[in-house]
Number of protein chains: 4
Amino acid sequence: MARGTSSGSEAGTGQEDRVLEAGQRKGGRPRDATRDTDILEAAREVLAERGYERTTVAEIAARAGAGKATVYRRWATKAELVIDTLTCGASSTITIGDVPDTGSLRGDLAAVRSMKSRDAASWQALVGLISELPHSPELTQVVNERVVGPRAVLMRGLLERAQARGELLPGVNVELLSRVPSAMVAYRLLVTHEPIDREFRRSLSEDLILPLATGRSRD
Amino acid sequence: MARGTSSGSEAGTGQEDRVLEAGQRKGGRPRDATRDTDILEAAREVLAERGYERTTVAEIAARAGAGKATVYRRWATKAELVIDTLTCGASSTITIGDVPDTGSLRGDLAAVRSMKSRDAASWQALVGLISELPHSPELTQVVNERVVGPRAVLMRGLLERAQARGELLPGVNVELLSRVPSAMVAYRLLVTHEPIDREFRRSLSEDLILPLATGRSRD
Amino acid sequence: MARGTSSGSEAGTGQEDRVLEAGQRKGGRPRDATRDTDILEAAREVLAERGYERTTVAEIAARAGAGKATVYRRWATKAELVIDTLTCGASSTITIGDVPDTGSLRGDLAAVRSMKSRDAASWQALVGLISELPHSPELTQVVNERVVGPRAVLMRGLLERAQARGELLPGVNVELLSRVPSAMVAYRLLVTHEPIDREFRRSLSEDLILPLATGRSRD
Amino acid sequence: MARGTSSGSEAGTGQEDRVLEAGQRKGGRPRDATRDTDILEAAREVLAERGYERTTVAEIAARAGAGKATVYRRWATKAELVIDTLTCGASSTITIGDVPDTGSLRGDLAAVRSMKSRDAASWQALVGLISELPHSPELTQVVNERVVGPRAVLMRGLLERAQARGELLPGVNVELLSRVPSAMVAYRLLVTHEPIDREFRRSLSEDLILPLATGRSRD
DNA sequence: TGCTAAGCGAGACGGTACGTCGCGTCTTCGG
DNA sequence: CCGAAGACGCGACGTACCGTCTCGCTTAGCA
């Protein structure tokens with residue numbers, strides 16, 4: 001999340017403020033938390049309109065009614081700001097705990113599909129970051145932890161739940177399988193720009209995951 | 001390919017010269033075809049060293065012993081040049097005709113894996129283009145036709161060959177399945193930056209494609 | 001002078017900032033006045049070394065330790081920058097007040113000749129601008145107000161002082177006469193590239209101005 | 001004039017062809033003399049419309065219906081072409097032989113003033129060359145020989161004629177005086193951009209030359 | 001009459017400067 | 001000390017023009 005001086009607590013996530021992460025607390029005006037959200041809001045707006053490359057920090061700041069310094073006090077680079085755009089929101093990501101146990105993998109997958117998520121937006125914003133990743137291991141790590149990681153974790157959770165039920169075929173490569181949906185979605189959004197529609201999502205479950213995991217697409 | 005005045009024949013691939021693609025054929029010094037290849041060569045070199053974002057047109061030109069104008073006479077933008085980098089070469093892509101019929105899908109897949117291809121380089125160069133795609137349908141089209149398309153076509157070919165042999169399960173979504181390997185490779189290269197090693201390629205075949213297509217991963 | 005946001009006061013000389021000359025005064029970091037002088041300094045240096053045509057804005061900026069943008073924020077074109085080079089400095093120009101009344105026109109002229117001035121430098125810098133003047137009435141006006149105007153004003157002042165003494169012949173065309181030295185100097189510097197040496201300056205006074213003004217070159 | 005391979009004779013004037021001035025005579029198609037005049041014509045046109053800096057060789061060539069190579073085969077640089085523009089024509093320059101002896105310097109000067117000449121055009125074209133002169137002694141020499149030289153020679157001739165008549169005051173600096181009109185005209189055309197009208201020309205004669213040369217402006 | 005070397009229109013080529021724009025930092029205010 | 005505003009150093013972008021080179025054609029003059 002943002003690299004806030006604001007506390008030192010909130011923590012866990014990762015980034016830091018370059019200007020004295022911990023300590024230095026005494027005088028001065030505290031950070032205005034509304035600026036964070038305004039800026040993220042503006043960033044999402046501009047990203048949606050223009051895409052990463054054509055988005056300028058200056059415009060984000062202007063739309064947020066903020067100065068560039070206010071932006072850079074919170075995020076070290078445009079890329080990091082955009083990342084937070086993906087996840088701050090932020091309970092947008094579905095976790096295994098959000099998915100009711102329907103009694104079958106097929107049911108669980110259907111349940112997930114029916115849950116609204118902002119994933120598409122996340123992927124979209126990721127588009128422009130792709131080219132930054134090779135230069136920045138940290139960025140790569142963050143993207144994987146926050147954007148693609150949670151999806152794989154969810155998938156793995158569902159597969160393990162199925163395994164506990166005895167649904168899984170022996171010898172299924174869970175690790176690999178849990179990456180398939182993310183990869184297919186990324187492929188469409190980044191490369192072919194085909195839509196991620198209901199039918200596509202259905203066939204990911206029915207034609208790929210279920211047969212691989214349980215050996216049958218129908219019964 | 002390049003947006004050449006060169007003729008009107010040469011190809012049916014795509015790009016054009018902004019300066020009168022068709023017509024005006026007569027006078028003037030003809031384009032020097034060696035410049036095209038020198039520039040593409042240099043572009044590939046620099047891209048490999050620096051990645052898309054950190055590559056400058058000026059450096060490409062310099063390494064090619066060319067002027068910037070000579071580059072821009074052929075490609076309207078850096079992005080278009082990089083695209084041609086991906087494919088002009090260009091028989092790097094494996095087609096169904098290159099793969100001997102081994103008598104089983106498993107064998108065919110193994111044969112493909114053992115063939116060297118420049119695909120990794122193509123994907124690498126694609127990295128920087130991802131962010132340009134949403135702004136340019138033509139670019140998207142070209143990338144799909146030349147970079148990811150051929151892979152899917154190859155895969156579909158192998159699956160159809162298997163189908164002819166009677167290997168395929170009924171109800172297999174060939175269209176979707178043929179995209180899986182590309183998607184998984186793209187995902188690794190673009191997003192997670194994990195290596196595309198022998199083991200990964202093996203498990204793509206053995207743990208994903210074969211089970212989905214033929215219903216068994218071993219026998 | 002520079003097209004400064006700086007205020008609206010500072011001067012009444014001429015040029016403006018393209019970005020809101022008047023108005024918009026409040027926020028933001030103010031222009032750093034030292035950059036103006038550093039840049040002008042560097043510009044004078046490079047101009048002296050290379051002449052107008054071979055002077056590069058990039059080099060001026062580099063020598064001033066500035067970015068090109070900082071230069072272009074202040075002057076819209078190379079030509080405008082060079083103009084300011086001529087006059088910002090700037091009390092280089094001799095005015096009638098600087099010349100002691102020696103009691104005779106001849107003495108006054110000798111006094112002026114003995115005063116060091118940066119005129120040569122001004123003319124030199126003007127060289128490259130000549131070709132821009134026809135396209136820019138403002139430029140022409142500025143050049144005349146700041147470079148050649150002051151010389152004519154000085155000359156006219158001296159002639160009027162002589163007239164007050166009763167030295168002048170009746171019917172002398174003061175207006176025309178006051179332009180003669182400037183014209184002769186310009187001619188040498190711009191066209192024939194002969195040096196402006198002591199002898200030349202002497203003969204301008206003794207062989208042209210004095211005979212014309214007072215009717216005698218010697219007594 | 002042009003640097004013609006054409007002969008080696010025509011001569012006298014100055015420039016040469018870089019490609020074998022003398023020698024190599026045998027085969028090949030001879031230069032087409034109409035191209036010279038067409039190009040000069042076009043050059044004059046464009047120069048008049050745009051001024052030196054904004055004139056491009058490509059446009060001159062295009063208007064002349066010529067190729068750039070045809071231009072550069074005749075003139076080594078844009079500057080040299082423009083110079084020829086000034087003088088090829090070319091009996092435009094008035095020489096002492098063209099001026100009838102009216103019996104007095106005043107009369108001779110009036111006679112000269114009444115003769116149409118293309119001088120203004122010459123000066124105009126010279127405008128853009130000014131900035132090239134410091135870098136090219138040859139250019140400077142040529143300009144002086146062809147543009148300003150003839151004017152000074154004419155003036156000196158008139159003054160010498162007056163001297164032969166006994167009109168001249170003793171101690172007149174003929175050399176300097178003969179440069180005054182050129183200098184004043186150059187000053188107006190290059191620097192102040194005031195028109196060279198009838199009144200100005202009259203006062204050059206009556207208020208400057210005559211008093212200086214003969215000691216009286218009227219009698 | 002047919003050969004040949006050069007001229008010619010067209011425009012590509014290697015360079016180089018232009019003026020613009022974006023990033024991430026720094027500097028002044030006022031609150 | 002925060003926050004708005006925006007200037008700053010840097011450096012890439014894509015354009016334009018210079019003077020040279022190269023193509024395919026045309027056009028003398030010599031054989």
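As the structure is a prediction and not an experimental result, all values here were calculated from the model. Proteins get letters first, then strands, A, B, ... in listed order; numbering begins at 1 in each. We use all heavy atoms of the structure for the numbers below, so side chains are in, but hydrogens, waters and symmetry mates are not.
For D/Arg54, the salt bridge (Lys or Arg N to Asp or Glu O under 4.0 Å) partners at least two apart in sequence or on another chain are C/Glu132. For C/Arg29, the salt bridge (Lys or Arg N to Asp or Glu O under 4.0 Å) criterion is met by no residue, not counting sequence neighbours. With sequence neighbours excluded, the residues forming a salt bridge (Lys or Arg N to Asp or Glu O under 4.0 Å) with C/Glu59 are C/Arg50, C/Arg63, listed by chain and number.
Pairing each heavy atom of B/Lys78 with each of B/Thr55, the nearest pair is NZ-O, 2.9 Å. Residues D/Thr140 and D/Leu133 come closest through the heavy atom pair OG1-O, 3.1 Å. The shortest heavy-atom contact between B/Ile60 and B/Ala42 is O-CB, 3.5 Å.
If you measure from atom CZ of A/Arg54 to atom P of F/dA12, you get 20 Å, rounded to the nearest angstrom. Computed from coordinates, the B/Asp36 CG to E/dC13 C1' distance equals 13 Å when rounded to whole Å. The separation between D/Arg31 atom CZ and E/dG9 atom C1' is 15 Å, rounded to whole Å. For the pair C/Arg50 CZ and E/dA17 P, the interatomic distance rounds to 10 Å; values are reported in whole Å. Nucleotide F/dC17 holds its P atom 9 Å from the NZ atom of D/Lys78, rounded to whole Å. Look at CZ on B/Arg73: it is 16 Å from P on F/dG14, rounded to the nearest Å. Rounded to whole Å, the distance from CH2 on D/Trp75 to C1' on F/dT20 is 18 Å. One atom, CD of D/Glu53, and another, P of E/dC18, lie 12 Å apart when rounded to the nearest Å.
Phosphate contact (OP1/OP2 of E/dA12, side-chain N/O of B/Arg35, threshold under 4.0 Å): absent. In this model, the phosphate group of E/dG24 is not approached by any side-chain N or O of A/Arg74 to a distance below 4.0 Å at OP1 or OP2. The shortest distance between the side-chain N/O atoms of B/Thr70 and the OP1/OP2 oxygens of E/dA12 is not below 4.0 Å.
Candidate nucleotides F/dG19, E/dA12, E/dG24 were compared by shortest atom distance to the side chain of A/Val57, and E/dG24 ranks first. Taking the side chain of D/Asp32 as heavy atoms from C-beta on, and the options E/dA12, F/dG3, E/dC8, the nearest nucleotide is E/dC8. In the set E/dG19, F/dA4, E/dC13, E/dG19 carries the atom at the smallest distance from any side-chain atom of C/Thr77. Distance from the side chain of B/Thr56 is smallest for F/dC13 among the nucleotides F/dC13, F/dA7, E/dC13.
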*Can you list the steps and then say if D/Thr77 with D/Glu80 is a side chain to side chain contact (heavy atoms under 4.5 Å, CB included)?*
CA-CA 5 Å; D/Thr77 65; D/Glu80 293 187 17; 3.4 Å; yes
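If you take OG1 on C/Thr56 and CD on C/Glu53, they are separated by 11.0 Å, rounding to the nearest 0.5 Å. Taking CG of B/Asp38 as the reference point, atom CD of B/Glu41 lies at 7.5 Å (rounded to 0.5 Å).
A/Thr55 comes within 4.0 angstrom of sugar-phosphate atoms only, judged by non-hydrogen atoms across all strands, and of no base.
Less than 4.0 Å separates DNA chain F from at least one heavy atom of each of the following residues of residues 59-69 of chain A: A/Gly65, A/Ala66, A/Gly67, A/Lys68, A/Ala69.
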For nucleotides 25-27 of chain F, which of its nitrogen or oxygen atoms have a protein nitrogen or oxygen under 3.5 Å away, and what is each distance?
| from | atom 1 | to | atom 2 | distance (Å) |
| --- | --- | --- | --- | --- |
| F/dT26 | O2 | D/Arg29 | NH1 | 2.8 |

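With hydrogens and angles ignored, the 3.5 Å screen pairs no side-chain donor or acceptor of D/Arg35 with any backbone N or O of D/Val71.
Note on the helix from E/dT1-F/dA31 to E/dG31-F/dC1: angle between the axes of the first and last five pairs equals 20°, rounded to 10 degrees.
For the pair C/Arg74 and C/Asp36, the salt-bridge criterion is met [side-chain N within less than 4.0 Å of a carboxylate O].
The side-chain heavy atoms of D/Thr85 and D/Trp75, taken from C-beta on, include no pair separated by under 4.5 Å.
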